[in-house]
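Here's a structure for you.
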Amino acid sequence: QVQLAESGGGSVQTGGSLRLSCVASGYGASNGCMAWFRQAPGEERHWVARYYMGGDGKYIADSVKGRFTISRVKGKQMIELQMNSLKPEDTAMYYCAARDGDGCAGHYSIDHFDYWGQGTQVTVSS
């Protein structure tokens with residue numbers, strides 16, 4: 001059974017930084033994709049960053065490009081999201097997600113991901 005556990009959320013002021021982590025247990029898809037999505041109150045869940053577990057492919061959403069970085073902890077089924085220059089509009093629940101096989105390319109909607117974490121709250125105050 002695959003389980004995803006996020007950590008690292010919190011409250012910061014505008015311009016601050018946070019690092020989110022997601023550890024996947026029971027997840028062995030060497031050709032899969034792990035990702036971060038976020039959902040603000042009353043809005044849909046959107047992808048923020050994706051990491052191809054079979055190589056070094058990374059995808060960053062335009063809304064956070066240049067501020068957020070996704071990485072994988074070497075040798076582990078664990079990804080991190082470094083968030084810099086945070087803005088109030090980054091306030092949301094952040095979810096870790098994973099899919100089996102077929103990489104990340106073209107897979108950016110919630111329907112494309114098989115496993116989800118419980119989420120971690122990020123709040124940015126002005």
Side-chain angles (χ1 to χ4, degrees):
Q1 182 179 358
V2 175
Q3 292 186 322
L4 305 178
E6 305 102 333
S7 62
S11 297
V12 295
Q13 293 188 326
T14 298
S17 297
L18 285 172
R19 178 184 287 264
L20 307 183
S21 297
C22 174
V23 178
S25 58
Y27 179 63
S30 59
N31 199 36
C33 178
M34 291 186 69
W36 289 99
F37 284 71
R38 69 184 182 185
Q39 186 170 19
E43 297 185 8
E44 295 183 351
R45 193 174 298 186
H46 296 285
W47 75 275
V48 173
R50 294 173 282 153
Y51 193 97
Y52 173 50
M53 302 303 280
D56 196 32
K58 303 174 186 178
Y59 304 80
I60 301 292
D62 287 344
S63 58
V64 301
K65 195 167 290 182
R67 300 188 297 121
F68 290 13
T69 304
I70 189 169
S71 60
R72 178 181 182 179
V73 177
K74 189 175 181 180
K76 296 185 178 182
Q77 297 296 77
M78 179 178 176
I79 60 170
E80 295 183 323
L81 185 69
Q82 178 66 41
M83 305 185 295
N84 298 327
S85 301
L86 283 161
K87 306 175 181 179
E89 51 262 46
D90 295 318
T91 295
M93 186 71 79
Y94 283 70
Y95 296 91
C96 180
R99 58 174 276 111
D100 292 324
D102 199 26
C104 291
H107 301 298
Y108 48 84
S109 77
I110 60 174
D111 294 339
H112 291 172
F113 286 79
D114 305 298
Y115 313 105
W116 292 87
Q118 294 297 310
T120 185
Q121 178 68 37
V122 171
T123 302
V124 185
S125 59
S126 57

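Scope of the values below: all heavy atoms of this structure, side chains included, with no hydrogens, waters or symmetry mates. Because the structure is a prediction, the values reported are computed rather than measured. If you read the sequence from its start, that first residue is 1, and numbering goes on from there.
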Practice task
Can you measure from CD1 (Ile60) to NZ (Lys65) and round to the nearest 0.5 angstrom?
Solution key: 8.0 Å
Exercise for the section: To the nearest 0.5 Å, tell me how far Leu81 CG sits from Trp36 CH2. Expected result: 6.5 Å
Problem - Taking every non-hydrogen atom, the tightest pair across Glu43 and Gln39 - result: O-NE2, 3.0 Å
Exercise for the section: Supply the atom-to-atom distance Ser7 OG to Leu20 CG, rounded to the nearest 0.5 angstrom. Expected result: 8.0 Å
Handout entry: Connected via hydrophobic side-chain network under 4.5 Å: Ile110 and Trp47
Key = yes
Practice task
Find out if a path of hydrophobic residues (ILVMFWY) with successive side-chain heavy-atom gaps under 4.5 Å connects Val12 to Val64.
Solution key: yes
Exercise for the section: Taking Gln82 for its side chain and Arg19 for its backbone only, find out whether a donor-acceptor pair lies under 3.5 Å. Expected result: no
Handout entry: Residues forming a ring pair (Phe, Tyr, Trp, His ring centres under 6.0 Å) with Tyr95, sequence neighbours excluded
Key = none
Practice task
Check the surroundings of atom CD in Gln118: do more than 12 heavy atoms from other residues, nucleotides or ligands lie under 6.0 Å from it?
Solution key: no
Completion exercise
Applying side chain to side chain donor-acceptor pair (under 3.5 Å) to Arg38 and not counting sequence neighbours gives Asp90, Tyr94
Exercise for the section: Would you name the heavy atoms of His112 and His107 that are closest together and state the gap between them? Expected result: ND1-CA, 3.1 Å
Practice task
Please report the closest heavy-atom contact between Asn84 and Ser17, naming both atoms and the distance.
Solution key: OD1-OG, 2.9 Å
Exercise for the section: Sort and list the pairs that fulfil salt bridge (Lys or Arg N to Asp or Glu O under 4.0 Å) and have at least one residue in residues 93-118, not counting sequence neighbours. Expected result: Arg99-Asp102
Exercise for the section: Working to the nearest 0.5 Å, report the span between NE2 of His46 and OH of Tyr108. Expected result: 12.5 Å
Handout entry: Separation of Leu86 CG from Phe68 CZ (nearest 0.5 Å)
Key = 5.0 Å
Practice task
State plainly whether one hydrophobic cluster holds both Ile79 and Val73, where clusters connect Ile, Leu, Val, Met, Phe, Trp and Tyr through side-chain heavy atoms under 4.5 angstrom apart.
Solution key: no
Practice task
For Ser21 and Glu80, indicate whether the former's side chain and the latter's backbone hold a donor-acceptor pair under 3.5 Å.
Solution key: no
Problem - Side-chain (Gln77) to main-chain (Ala24) donor-acceptor, under 3.5 angstrom - result: no
Practice task
Scan Gln3, Gln1, Met78 and name whichever one has a side chain to side chain contact (heavy atoms under 4.5 Å, CB included) with Ser25.
Solution key: Gln3
Problem - Side-chain touch Met34/Leu4, heavy atoms, less than 4.5 angstrom - result: yes
Practice task
Count the heavy atoms of every other residue, nucleotide or ligand shown that sit under 6.0 Å from CD of Gln13, and state whether that count exceeds 12.
Solution key: no
Practice task
State yes or no: do Leu18 and Val48 share one hydrophobic cluster built from I, L, V, M, F, W and Y residues joined by side-chain heavy-atom distances below 4.5 Å, directly or via other members?
Solution key: yes
Completion exercise
Scanning both residues in full, the closest heavy-atom pair of Ala40 with Ala92 reads N-CB, 3.9 Å
Practice task
State whether the number of non-hydrogen atoms from other residues, nucleotides or ligands found under 6.0 Å of Tyr59 atom OH is greater than 12.
Solution key: yes
Problem - Closest non-hydrogen atom pair between Cys33 and Arg50, with its separation - result: SG-CB, 4.0 Å
Handout entry: pair Pro88-Thr14: side-chain heavy atoms closer than 4.5 Å
Key = yes
Exercise for the section: Check for a donor-acceptor pair, side chain of Arg67 on one end and backbone N or O of Ser85 on the other, with a separation under 3.5 Å. Expected result: yes
Handout entry: Linked, directly or transitively: Val124 and Met93 (ILVMFWY side chains, under 4.5 Å)
Key = no
Problem - Arg45 charged N/C atom sitting above Phe37 aromatic ring, 6.0 Å / 45° - result: no
Exercise for the section: Taking all heavy atoms of Gly32 and all of Tyr52, pick out the closest pair and write down the distance. Expected result: O-CD1, 3.4 Å
